[in-house]
There are 2 protein chains.
Amino acid sequence: MIFGFDEGELKILLIKRKEAPEEDKWALPGYFVEKEEALDAAAQRVLRQMTGLEDVYLEQLATFGQPGRHALGRVITVAYYSLVKIDDFEPKAAGLAREVTWHTVHNLGDLAFDHAEIVAVALKQLRESIRLRPVGFELLPPAFTLTELQHLYEAIWETELEKRNFRKKILAMNLLRDLGQVQQNVAHRPAKLYEFDESRYRALEKSGFNFEVKENRR
Amino acid sequence: MIFGFDEGELKILLIKRKEAPEEDKWALPGYFVEKEEALDAAAQRVLRQMTGLEDVYLEQLATFGQPGRHALGRVITVAYYSLVKIDDFEPKAAGLAREVTWHTVHNLGDLAFDHAEIVAVALKQLRESIRLRPVGFELLPPAFTLTELQHLYEAIWETELEKRNFRKKILAMNLLRDLGQVQQNVAHRPAKLYEFDESRYRALEKSGFNFEVKENRR
DNA sequence: GCAAAAGTGTTTCATCTACACCCATGT
DNA sequence: ACATGGGTGTAGATGAAACACTTTTGC
């Protein structure tokens, strides 16, 4: 699964299959693991083939192996999900795909095979994951505003957060570096741009710090 | 992986292999998935064959598929872990096993294949899991004391907790039912026995309650 | 009566929550 | 000058942390 964030919405990259079974249905991108290939390497390879991206956040999710989940025989899927910065690439149809596009993650409609279930599991994990680890930043451009970050959490949690407390909480963690720059050409007071300070996070983590964002609803 | 809790220690059930490769090394119990068997069903089957137990907590952990991790060919392992009440059964050697015994989970020594890595991943997940969900009770007998529960957390987290605050926190959740019974034949004031009220937990969960045990070190 | 663990209350401090107004920019 | 979102401070409530002593049993 490839997650992205754009226009305030959590998106997922789907392909429209050009082959049976499940021809013309939307499906998760994926392909077979090679004979002597590690699972992580296979996930990275498929991701690279789909997006051209390397060095992105990639994590194993779960393995799905119900008999009968694929019409042509027993297929066991080791699902991975990755978080990408959505404007780092332009989706192009290739391989199994007739079309490749971003879909808003809520209301995906029917998906091929058991892919709806896989997406549901991924979403559940993603929601937990952004709460307890600073992975949300993987979905944002290198420089972002606090409001963008808040909208990211709101999109993933499907909730609205209280602005002042969210900002206070995030800034109090001391993990964002103020870039000294502001937005350009916006018809309102321009917001400050920040970047995530990964090295500081690693240092704090070692000394027992725990990242946590509370779900402080509005 | 089969976790148990006994004598204040977190234990794991290991088999001593009676066949090459890795003969006579301690290994995680496991076996092949059948041709038309679901993964969950296979995990349950292996667990039943090892312990005779059914209806226990069982959860998929992760999938391990490095080429070369098994000497005789490519083996991909879908690891599950289960939490059992340790005195519900007596381990008996069978199948691949020359011996089957409980081992204290810290300082396991060398394990067969990459099983040490699998145990490490499981431990990490178990630590998170007992913090955020009431799964610790799966490791305790149906009636337990608060001190036993505390020792369970201490064993899994490898830390010491502050007694009063731990008890206050746990009791405040209102998830334990006082059985009105006390320990028998102990050379000190007998402790009250409690049971976990699962139906109350399910109800609270639906109305937005989140189980969480803080790591309040002593 | 002594050893051993069970059980309990309160104060202090930190964090969370709720809330309303001024600021900087483009048009 | 107005519309738009950016940005901030504080008081009150809540929860966490730290602390020592009394109780009940077996021997």
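Naming convention: chains lettered A, B, ... in sequence-line order (proteins, then strands); numbering from 1 in each chain.
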Report, as yes or no, whether the 6.0 Å neighbourhood of atom CZ on F89(B) holds more than 12 heavy atoms from other residues, nucleotides or ligands.
yes
More than 12 heavy atoms of other residues, nucleotides or ligands under 6.0 Å from NZ of K124(B): is that the case?
no
Residues pairing under salt bridge (charged side-chain N to carboxylate O under 4.0 Å, His left out) where one sits in residues 136-153 of chain B, two or more places apart or in two chains, turn out to be none
What residues in residues 146-164 of chain B put a non-hydrogen atom under 4.0 Å from any atom of DNA chain C?
T147(B), K163(B), R164(B)
Does anything in residues 166-178 of chain A come within less than 4.0 Å of DNA chain C? Heavy atoms only, and list the residues if so.
K168(A), K169(A)
Terminal contacting nucleotides, 5' and 3', DNA chain D versus chain B (heavy atom, 4.0 Å)
dA16(D) to dG26(D)
Are side-chain heavy atoms of I86(B) and F5(B) found at a separation under 4.5 Å?
no
Heavy-atom side-chain contact between M50(A) and Y31(A) under 4.5 Å
no
Assign each of N216(B) and H188(B) to its nearest nucleotide of DNA chain D by heavy atoms, then name whichever residue's nucleotide is nearer the 5' end.
N216(B)
Which residue lies toward the 5' end of DNA chain D, K214(B) or N185(B), if each is placed at its nearest nucleotide?
K214(B)
Parallel, tilted or perpendicular for Y81(A) and Y57(A), by the 30°/60° rule?
tilted
When the ring planes of F209(A) and Y201(A) are compared, do they come out parallel, tilted or perpendicular, using 30° and 60° as the limits?
perpendicular
Electrostatic pair D24(B)-R98(B), nearest N-O below 4.0 angstrom
yes
Residue pair A79(B) / M1(B): nearest heavy atoms and the distance that separates them
CB-CE, 4.2 Å
Covered region of DNA chain C, 5' end to 3' end, by chain A [heavy atoms, under 4.0 Å]:
dC16(C) to dG26(C)
Taking the nucleotide of DNA chain C with the nearest heavy atom to each, does N165(A) or Q184(A) sit closer to the 5' end?
N165(A)
Interatomic distance, L132(A) atom CG to N210(A) atom CG [nearest 0.5 angstrom]:
8.0 Å
Set of salt bridge (charged side-chain N to carboxylate O under 4.0 Å, His left out) partners for E59(B), sequence neighbours left out
R133(B)
Does Q66(B) use its side chain to pair, donor to acceptor, with the backbone of R69(B) at less than 3.5 Å?
no
Hey, mind stepping through F137(A) and F144(A) against ring-ring contact (aromatic ring centres under 6.0 Å, His included) and telling me if it holds?
CA-CA 9 Å; F137(A) 306 105; F144(A) 52 85; 5.6 Å; yes
